[in-house]
Protein chains: 2
Amino acid sequence: MRLTSKGRYAVMALVDLARFDGINPVSLRDISLRQGISLDYLEQIFSKLRKKEIVQSVRGTQGGYVLNRKAKEIKLTNIFDAVDEKVKTVQCKKDSKKGCNGKSTKCLTHNLWDELETHINNFFDKKSLDDLVKENFERRL
Amino acid sequence: MRLTSKGRYAVMALVDLARFDGINPVSLRDISLRQGISLDYLEQIFSKLRKKEIVQSVRGTQGGYVLNRKAKEIKLTNIFDAVDEKVKTVQCKKDSKKGCNGKSTKCLTHNLWDELETHINNFFDKKSLDDLVKENFERRL
DNA sequence: TATAAACCTGACCAAAATAGTCAAGTATCA
DNA sequence: TGATACTTGACTATTTTGGTCAGGTTTATA
């Protein structure tokens, strides 16, 4: 099981951006340089974040992106959801015609994976962007 | 983030096997048929489980596999570990020469991923094979 | 002791997902 | 009217996954 870069990058970029929340837009170029993430890739990611109304774009010179909601109200769940980073434990859910592995019944461990998903999602539901910014800020003192 | 089949199959197969714990060896052929997992793939998986002393093989006719420890003492962590299913959230750890993304410092979200790993591993540490067998048995009543 | 059942090993491979790059725009501020 | 920055979509190399295939070896039992 692994977390993909897309999800990680999205969170990193948003933490970077959140530090300037309310001050001025942050350009992707700056984020790219500071976080070491390819600009082109960031654009793909921010396009999705914008569609899900997590950020707002500001065009033109001195433009960039700003948060569309308070950092406290942006949960990691929202971010992962926006960039299609999902916690997938079983395929069975995809085509509900079949059970698991083509059987008509649930596989022996079906409930387990459900539990695990819930467990992980709980973690993401609790954490807000604001939490991350604060943690990071405290660490620097 | 997704869980790979290898980890899932390993757990499914072991739950299947654990139901006959102490009675007689279970052949991979039987598990393959019951769980709908390719025999060849099961062999790969059980080879790893045996090396980590989670199961023991019984050769010859009527042979198969048996648990090498009590089901209660086999945690999911052990199983995942055996089949190289790891919870990987950050790459940074791999080459400790660099920080994250080639920076000399930890990335803004490094602690977050560490926390997440711990959170997930806690879940796996608590669950034993025995728990799963019981849950499954109760569900059938 | 022959043979079939079952384990064991390693090489190989196709498909999917990932992690981007590249190109060609459009909008807007200064 | 540039320069800056967002916007979009197509494309691609690499890696991982999820197996298959071939050719063994070992051992119980008839």
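Each chain gets a letter, A, B and so on, in the order the sequences are listed, and its residues count up from 1. All heavy atoms count here, side chains included; hydrogens, waters and symmetry mates do not. Treat the numbers as computed from the prediction; the structure is a model and nothing was measured.
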Applying salt bridge (Lys or Arg N to Asp or Glu O under 4.0 Å), name anything that partners B:D16, two or more places apart in sequence or on another chain.
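By the salt bridge (Lys or Arg N to Asp or Glu O under 4.0 Å) rule, B:D16 matches B:R19, B:R34.
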In chain order, what residues pass the salt bridge (Lys or Arg N to Asp or Glu O under 4.0 Å) check against A:E115, with sequence neighbours excluded?
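Salt bridge (Lys or Arg N to Asp or Glu O under 4.0 Å) check on A:E115 returns B:K127.
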Write out all pairs satisfying ring-ring contact (aromatic ring centres under 6.0 Å, His included) with one or both partners inside residues 68-89 of chain B, taking only residues at least two apart or from two chains.
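Applying ring-ring contact (aromatic ring centres under 6.0 Å, His included) to every pair that reaches into residues 68-89 of chain B, excluding sequence neighbours, yields B:F80-B:F124.
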What ring-ring contact (aromatic ring centres under 6.0 Å, His included) pairs are there with at least one residue in residues 13-37 of chain B, not counting sequence neighbours?
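Qualifying pairs: none.
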By side chain to side chain donor-acceptor pair (under 3.5 Å) - contacts of [X] (at least two apart):
X	answer
A:S57	none
B:D125	B:T77
B:D40	none

Residue mapping more 5' on DNA chain C - nearest nucleotide basis, B:R50 or A:T61
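Mapping each residue to its closest nucleotide by heavy atoms, the 5'-most match is B:R50.
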For nucleotides 12-14 of chain C, print each protein N/O atom paired with a nucleotide N/O atom at under 3.5 Å, atom names and distance only.
none

Are OP1 or OP2 of C:dA17 and a side-chain N or O of A:T4 less than 4.0 angstrom apart?
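No, because none of the side-chain N or O atoms of A:T4 sits under 4.0 Å from OP1 or OP2 of C:dA17.
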Give a yes/no answer on whether the side chain of A:S57 brings an N or O atom under 4.0 Å of OP1 or OP2 in D:dC6.
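No.
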Calculate the interatomic distance between [X] atom [atom1] and [N] atom [atom2]; express it in whole Å.
X	N	atom1	atom2	answer
B:Y65	C:dA5	OH	P	18 Å
A:L3	C:dA17	CG	P	17 Å
B:N24	C:dA5	CG	P	17 Å
A:L28	C:dG20	CG	P	15 Å
A:K48	D:dT7	NZ	P	15 Å
B:I37	D:dT17	CD1	C1'	15 Å
B:K6	D:dT15	NZ	C1'	14 Å
A:R29	D:dT7	CZ	P	18 Å

Does any N or O in the side chain of A:S32 come within less than 3.5 Å of the main-chain N or O of A:I37, such that one atom is a donor and the other an acceptor?
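The answer is yes, because a donor-acceptor pair under 3.5 Å joins these two groups.
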Donor-acceptor contact below 3.5 Å, side chain A:N121 vs main chain A:E117
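Side chain of A:N121 to backbone of A:E117: a pair is present.
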Set out, line by line, the N/O atom pairs under 3.5 Å between protein and nucleotides 24-26 of chain D.
residue	atom	partner	partner atom	Å
D:dT25	O2	B:R59	NH2	3.4
D:dT26	O4'	B:R59	NH2	3.1

A:R29: side chain to side chain contact (heavy atoms under 4.5 Å, CB included) partners, not counting sequence neighbours
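Here the qualifying residues are A:S27, A:L33.
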Any residue of residues 38-47 of chain A with a heavy atom less than 4.0 Å from an atom of DNA chain D
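Contacts with DNA chain D under 4.0 Å: A:E43, A:Q44, A:S47.
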Per the side chain to side chain donor-acceptor pair (under 3.5 Å) rule, what does the pair list look like for residues 43-56 of chain A, sequence neighbours excluded?
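Found A:K48-A:D84.
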